[in-house]
Amino acid sequence: MAKRRIGILTGGGDVPGLNAVIKSVTYRGSENDIEVVGLRRGWEALTHVNLEDPASRSHYIIPLNRDNTRTIDRSGGTVLHSSRTNPSKMKKLPDHLAGKDFPASSSTKGGIATRTWDVTGQVLANLSGLGIEHLIAIGGDDTLSYAARLNELGVKIIAIPKTMDNDVRNTEYCIGFSTAITRASDAIQRQRTTVGSHERIGIFRVFGRDAGFTALYTAYATSIRCVIPEYKVDIDKLIRLLLEEKRANPSNYALVVLSEGAAWEGYEVQEYGEPDAYGHRKKASVAESLADEIKRRVGEETITSDLTYDLRSGNPDFMDKLVALTFGNMAYDAILEGKTGLMSALVEGRYDLVPIPEAKLGPRKLDVASTYNTERYRPIYGNKRGLPIFLNRAS
């Protein structure tokens, strides 16, 4: 009798803690005589693998066991690698699928026509061909939006939220968030000596395309100002507050942290490059734009620091290791119980299983009224009694 087989993949940007999930699921599987196979490069494994080609199969499909996962949780990143593949909007078909009949659509943006193919049928065929009965998808909004679609099509699937932006709906916490805040706080505290030595305004950029969790919580932990995507600040007021703080500081400096998607009145976030598989383009540095505005308006010198990729690199901290291990074990338990369409989550500070978020709702955002002081451009520190440990509720 063939063994039960579980598939596991990681999509989107890497974060610390992913390997802990992979290891925990693999070890649990070995205890129940269930095979666990890793799918390399996220959804690309299921769109690009050619099951009739041994080289392609070995490139995308990795049997996981105790031996090859024993030490993976000691480092960050993902041993399964990742990509931003969107099977429902493929701009280019792999060679072995070229010429096959897949649903196609065309769109025009900025005068440029784009044709894409939906290869979901091939994804379903590959899952069947690989004998995968249950799939664990680890990712952020984009990865999980496709997981939700597969669930609707009858694939048994359990999701695990990961993103340093912490903006997946239905959970208060995503793997990678704690390490990001720890890294950002450490970097800012170290750079105080340089910014202070040169008596400047220090401007720090962190990730956060649509939501300001990373910037706000970094500001909360380091007691500095922040600018978030959910609220457009008054640029003149922000500069005035920074100058007042700088002059009141014995070392004559001030600091501010900005989400990559932050903006102010009269300024729109600048984007460049080709959109990725989910329609996202790279964002120009809002930190550099703010530095230019400060120089132009008041002549003050600044120091800008882009912390983005550094925050998702390296080993997980204790919190991310704890949550990753627990989320992985919850997902495995859900599979043993035959559940599907659910996601490991933290709700009201407690571990729970919740529905995979609906893609149409978009990313979760900060509640400005309860978290952000719009007069001082700082986090709100009061009125936290009764809140879960991460000071926000799932939405």
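Starting from 1, each residue takes its place in the sequence as its number.
Across all their heavy atoms, Thr308 and Val206 have their closest contact at CG2-C, 3.8 Å. Between Ser24 and Asn329, the closest heavy-atom pair is CB-ND2, 3.9 Å. In terms of heavy atoms, Glu44 sits closest to Ser83 at CB-OG, 3.7 Å. The shortest non-hydrogen separation linking Ala184 to Thr218 is CB-OG1, 3.5 Å. In terms of heavy atoms, Ser344 sits closest to Ala331 at OG-N, 3.7 Å. The shortest heavy-atom contact between Leu144 and Pro161 is CD1-CA, 4.2 Å.
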Take Arg149 and Glu152, measure what salt bridge (charged side-chain N to carboxylate O under 4.0 Å, His left out) needs, and give me the verdict at the end.
CA-CA 5 Å; Arg149 183 179 178 194; Glu152 293 171 355; over 6 Å; no
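The ring of Tyr217 has its center closer than 6.0 angstrom to the ring center of Phe177. Here Tyr309 and Phe207 bring their ring centres to under 6.0 angstrom of each other.
Looking at Ser82 and Arg41, their side chains never bring a donor and an acceptor atom within 3.5 Å of each other. Asp320 and Tyr173 are linked by a side-chain donor-acceptor pair at a separation below 3.5 angstrom, with hydrogens and angles left out of the test. Between the side chains of Arg200 and Thr302, no donor-acceptor pair of N or O atoms lies under 3.5 Å. In the model, Thr78 has no side-chain atom that pairs as donor or acceptor with a side-chain atom of Asp14 under 3.5 Å. With no hydrogens or angles considered, no side-chain donor-acceptor pair links Ser313 and Asp310 at under 3.5 Å. Inspection of the Tyr146 and Thr85 side chains reveals no N or O donor paired with an N or O acceptor under 3.5 Å. Defined by atom type and a distance below 3.5 Å, a donor-acceptor pair is missing between the side-chain atoms of Ser251 and Glu199.
Aromatic ring pairs are classed by plane angle as parallel below 30°, tilted from 30° to 60° and perpendicular above 60°; the pair Tyr60 and His48 is tilted. The aromatic rings of Tyr231 and Tyr377 are tilted relative to each other, their planes meeting at an angle between 30° and 60°.
Take Ala104 and apply the side chain to side chain contact (heavy atoms under 4.5 Å, CB included) test, not counting sequence neighbours, and it matches Arg115, Trp117.
A heavy-atom distance below 4.5 Å is not found between the side chains of Val227 and Val286. Looking at Leu346 and Asp352, their side chains never come closer than 4.5 Å, going by heavy atoms from C-beta outward. Counting heavy atoms from C-beta on, the side chains of Thr194 and His198 come closer than 4.5 Å.
The existence of a salt bridge linking Glu337 and Lys339 is confirmed by a sub-4.0 Å separation between a basic side-chain nitrogen and an acidic carboxylate oxygen.
A cation-pi geometry, defined here as NZ or CZ lying under 6.0 Å from the six-membered ring centre and within 45° of its normal, does not hold between Lys384 and Tyr381.
Under the 4.5 Å side-chain heavy-atom criterion for ILVMFWY residues, no single connected hydrophobic cluster contains both Tyr27 and Val37.
Between the side chain of Asn249 and the backbone N or O of Arg247 there is no donor-acceptor pair closer than 3.5 Å.
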